[in-house]
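What follows is a single structure, written as structure tokens, with notes after it.
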Amino acid sequence: MIEQKQKVDVLIIGSGPAGLTAGIYSAWVGLKTIILESGIIGGRAWLAPKIENFPGFDEGIKGSALMDKMSQQAIHLGAEIRPSQEVVNMDLKSNPKVISTQTTVYEALTVIIATGTQRKKLRVPGEEKYIGRGVSYCAICDGPFFKKAKVAVIGNSEEAFSEAVYLADLASEVIVVTQNLEKEVDKKLLNRLQDKPNIEIINGKMIAIQGNHVVEKIKIEKKEKEKNFEREVKGIFVALGGVPMTEMTKEAGIDLDQSGCLLVNRRQKTNITGVFAAGDCTCGGMQIVTAAGEGAMAAMSALAYLRR
Ligand SMILES: Cc1cc2nc3c(=O)[nH]c(=O)nc-3n(C[C@H](O)[C@H](O)[C@H](O)COP(=O)(O)OP(=O)(O)OC[C@H]3O[C@@H](n4cnc5c(N)ncnc54)[C@H](O)[C@@H]3O)c2cc1C
């Protein structure tokens with residue numbers, strides 16, 4: 001049942017680093033601020049095993065600890081974080097803007113979209129069939145199900161390597177299947193990966209996932225056109241990064257670039273007045289610190305718009 005309409009100055013969609021920082025800034029200047037979240041409060045950053053590149057933490061910090069601090073700070077300053085509130089419809093051109101979840105309709109003077117990305121799929125035979133039966137998109141969430149088992153991590157980025165290092169302490173063996181390794185992978189992380197005796201890096205392409213009721217093996221095509229080969233594993237962690245969740249924003253009339261990222265200017269303004277976007281959904285730095293910076297700028301722009 002739809003609750004009564006709620007009026008708000010700044011409605012923020014998503015509670016990752018971008019949404020929470022936007023919430024901190026807008027609540028701090030006294031604007032009525034509501035942050036809606038459909039999944040984990042803290043967003044994808046909450047899942048990071050260890051963050052070593054966020055300023056202020058010389059020994060690093062667990063993603064969950066950092067994001068819990070950010071959400072507490074937002075609440076302390078007066079923002080309201082509403083969990084289990086998936087935005088399902090948006091009328092952004094009306095005034096006020098009308099945003100709906102399954103239970104509530106919000107009337108917002110300004111909207112900040114900070115919806116991050118959704119996981120990229122591998123798109124190989126067997127992937128869909130074995131989701132939840134060995135195929136996972138989150139090592140922190142599902143890793144403990146694979147204690148002392150052989151697992152594979154598929155990906156080319158820091159995210160994949162960070163997941164492999166985390167899994168190496170749980171699983172008996174971790175195979176990292178990677179192709180076109182990204183050049184910017186942090187040296188320190190690469191060293192930590194190489195220091196783990198139970199991690200093996202395979203330069204190749206995943207071509208299939210096979211099993212019976214659950215995952216049993218992966219098929220890999222070697223880069224140098226050697227014969228394809230198989231490896232027995234019980235778990236497969238797909239860590240290929242994300243694509244922006246932009247279907248709904250596109251329908252609402254927001255301009256996107258060719259990759260589906262929300263187009264914003266330097267002040268995080270979209271093409272619709274009073275609507276701003278921040279963080280990974282704009283395909284900026286794809287980092288916590290850049291998402292937080294964009295969130296702060298989006299909130300400052302929302303304030304400027306409201307004071308105009
Ligand atoms: C394992 C891992 C390790 C990482 N390590 C690092 C690191 O060491 N350093 C670093 O800088 N970055 C790291 N990252 C990347 C970092 O987490 C992201 O760049 C950052 O979280 C992006 O923040 P965001 O606020 O834009 O989006 P997100 O954190 O993705 O948050 C978006 C939120 O919006 C919510 N949402 C989406 N759609 C809706 C909707 N319709 N209604 C309501 N809510 C919605 C989502 O549920 C999500 O919680 C890592 C990521 C992962 C997964």
Side-chain angles (χ1 to χ4, degrees), residues 11-23 34-55 57 60-64 66-67 70-71 74 81-90 99-104 106 111-120 136-143 153 155 157-167 184-186 188-189 192 237-249 251-252 261-262 264 268 277-296 298:
L11 187 79
I12 299 168
I13 309 171
S15 73
L20 288 176
T21 309
I34 293 179
I35 304 172
L36 305 178
E37 174 55 59
S38 58
I40 302 171
I41 293 176
R44 288 181 45 70
W46 197 93
L47 301 169
K50 192 175 182 191
I51 296 160
E52 295 183 315
N53 57 1
F54 192 81
F57 299 93
I61 182 167
K62 245 181 123 174
S64 55
L66 177 66
M67 297 320 295
M70 274 195 209
S71 55
I81 304 176
R82 297 193 151 198
S84 309
Q85 287 283 298
E86 181 181 6
V87 171
V88 290
N89 198 34
M90 305 196 282
I99 308 293
S100 311
T101 67
Q102 301 284 6
T103 58
T104 311
Y106 297 88
V111 173
I112 297 176
I113 299 168
T115 46
T117 54
Q118 64 189 350
R119 300 300 70 217
K120 265 189 204 156
S136 164
Y137 298 85
C138 174
I140 295 277
C141 326
D142 300 330
V153 176
S157 64
E158 276 189 16
E159 181 185 330
F161 286 179
S162 145
E163 295 209 336
V165 170
Y166 166 75
L167 287 165
E184 330 66 86
V185 171
D186 178 45
K188 227 167 137 193
L189 178 60
R192 278 169 58 207
F237 293 89
V238 182
L240 295 173
V243 283
M245 295 195 238
T246 46
E247 210 43 57
M248 195 174 39
T249 35
E251 276 169 25
C261 311
L262 274 71
V264 286
Q268 306 305 131
D280 284 3
C281 64
T282 69
C283 304
M286 309 302 265
Q287 293 283 292
I288 298 166
V289 72
T290 52
E294 289 188 7

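On a predicted model such as this, the values are computed, not experimentally measured, just so you know. As the structure lists them, so they are numbered: ligands from 1, and atoms in each ligand from 1.
- Ligand 1 has no N or O atom lying under 3.5 Å from any N or O atom of M248, backbone or side chain.
- Protein heavy atom at the shortest distance from atom 27 (O) of ligand 1 is G116 CA, 3.4 Å.
- Ligand 1 places these atoms under 4.0 Å from at least one heavy atom of G14: 33 (C), 34 (O), 35 (C).
- In terms of polar-atom proximity, A291 is not counted as a contact of ligand 1, lacking any N or O under 3.5 Å from an N or O of the ligand.
- Closest to atom 23 (O) of ligand 1, if we only count protein heavy atoms, is P17 CD, 3.3 Å.
- G16 CA, 3.5 Å is the protein heavy atom nearest to atom 31 (O) of ligand 1.
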V87/T101 under side-chain contact (heavy atoms from CB on, under 4.5 Å): CA gap, chis, key distance, verdict: CA-CA 4 Å; V87 171; T101 67; 4.3 Å; yes
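- Nearest approach of M90 to T249, heavy atoms of both residues: CE-CG2, 3.6 Å.
- Of all heavy-atom pairs between R119 and G241, the closest is NH1-O, 3.1 Å.
- At under 3.5 Å, a nitrogen or oxygen of R44, whether backbone or side chain, sits near a nitrogen or oxygen of ligand 1.
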From CA spacing to verdict: side-chain contact (heavy atoms from CB on, under 4.5 Å), M67, I41: CA-CA 8 Å; M67 297 320 295; I41 293 176; over 6 Å; no
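- Ligand 1 has a nitrogen or oxygen under 3.5 angstrom from a nitrogen or oxygen of E37.
- In this structure, cysteines C261 and C283 have SG atoms closer than 2.5 angstrom.
- Heavy atoms of Q85 approach ligand 1 to within less than 4.0 angstrom.
- The one candidate from N89, L11, V88 that meets the side chain to side chain contact (heavy atoms under 4.5 Å, CB included) condition with I99 is L11.
- When only interatomic distances are considered, the shortest N/O to N/O separation between I288 and ligand 1 falls below 3.5 Å.
- Distances between N or O atoms of E159 and those of ligand 1 include no value under 3.5 Å.
- With ligand atoms numbered from 1 in the order given, ligand 1 contributes 49 (O) to contacts under 4.0 Å with heavy atoms of I40.
- Listed here is the closest heavy atom pair of A277 and L262: CB-CD2, 3.6 Å.
- Nearest protein heavy-atom neighbour of atom 3 (C) of ligand 1: A48 CB, 3.5 Å.
- Protein non-hydrogen atoms do reach within 4.0 Å of atom 38 (N) of ligand 1.
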Test side-chain contact (heavy atoms from CB on, under 4.5 Å) applied to D142 and F237, step by step: CA-CA 9 Å; D142 300 330; F237 293 89; 4.0 Å; yes
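- If you number the atoms of ligand 1 from 1 as listed, the ones under 4.0 Å from a heavy atom of V87 come out as 40 (C), 41 (N), 42 (N), 43 (C).
- Under the 3.5 Å distance criterion, the side-chain polar atoms of S15 are matched with a main-chain donor or acceptor of G42.
- Atoms of ligand 1 found under 4.0 Å from any heavy atom of A45, numbered from 1 in the order shown, are 17 (O), 21 (O), 29 (O).
- Polar contact with ligand 1: present for S38 (N/O pair, distance under 3.5 Å).
- If you number the atoms of ligand 1 from 1 as listed, the ones under 4.0 Å from a heavy atom of A114 come out as 32 (C), 33 (C), 34 (O).
- Taking every non-hydrogen atom of E163 and a distance limit under 4.0 Å, the qualifying atoms of ligand 1 come out as 1 (C).
- The heavy-atom pair separating C141 from L47 by the smallest distance is SG-CD2, 3.7 Å.
- Minimum interatomic distance between L20 and A74 (heavy atoms only, all atoms of both residues): O-CB, 4.2 Å.
- The distance criterion of under 3.5 Å between nitrogen or oxygen atoms is met by M286 with respect to ligand 1.
- For ligand 1, one of its N or O atoms has an N or O atom of N53 under 3.5 Å away.
- Of all protein heavy atoms, the one lying nearest to atom 26 (O) of ligand 1 is D280 N, 2.8 Å.
- The two atoms that bring P49 and Y166 nearest to each other are CG-CB, 3.9 Å, heavy atoms only.
- Heavy-atom proximity to A18, at under 4.0 Å, picks out these atoms of ligand 1: 25 (O), 26 (O).
- Close approach to G279 involves these atoms of ligand 1, each under 4.0 Å from a residue heavy atom: 26 (O).
- Contact annotation: for L36 versus ligand 1, heavy atoms closer than 4.0 Å belong to the backbone alone.
- No donor-acceptor pair under 3.5 Å is formed between the side chain of E52 and the backbone N or O of G60.
- Residue I13 has no N or O atom closer than 3.5 Å to an N or O atom of ligand 1.
- Using modelled atom types, one side-chain atom of T282 and one backbone atom of G279 make a donor-acceptor pair closer than 3.5 Å.
- Residues N53 and V289 are not in side-chain contact: their nearest non-hydrogen atoms beyond the backbone lie 4.5 Å or more apart.
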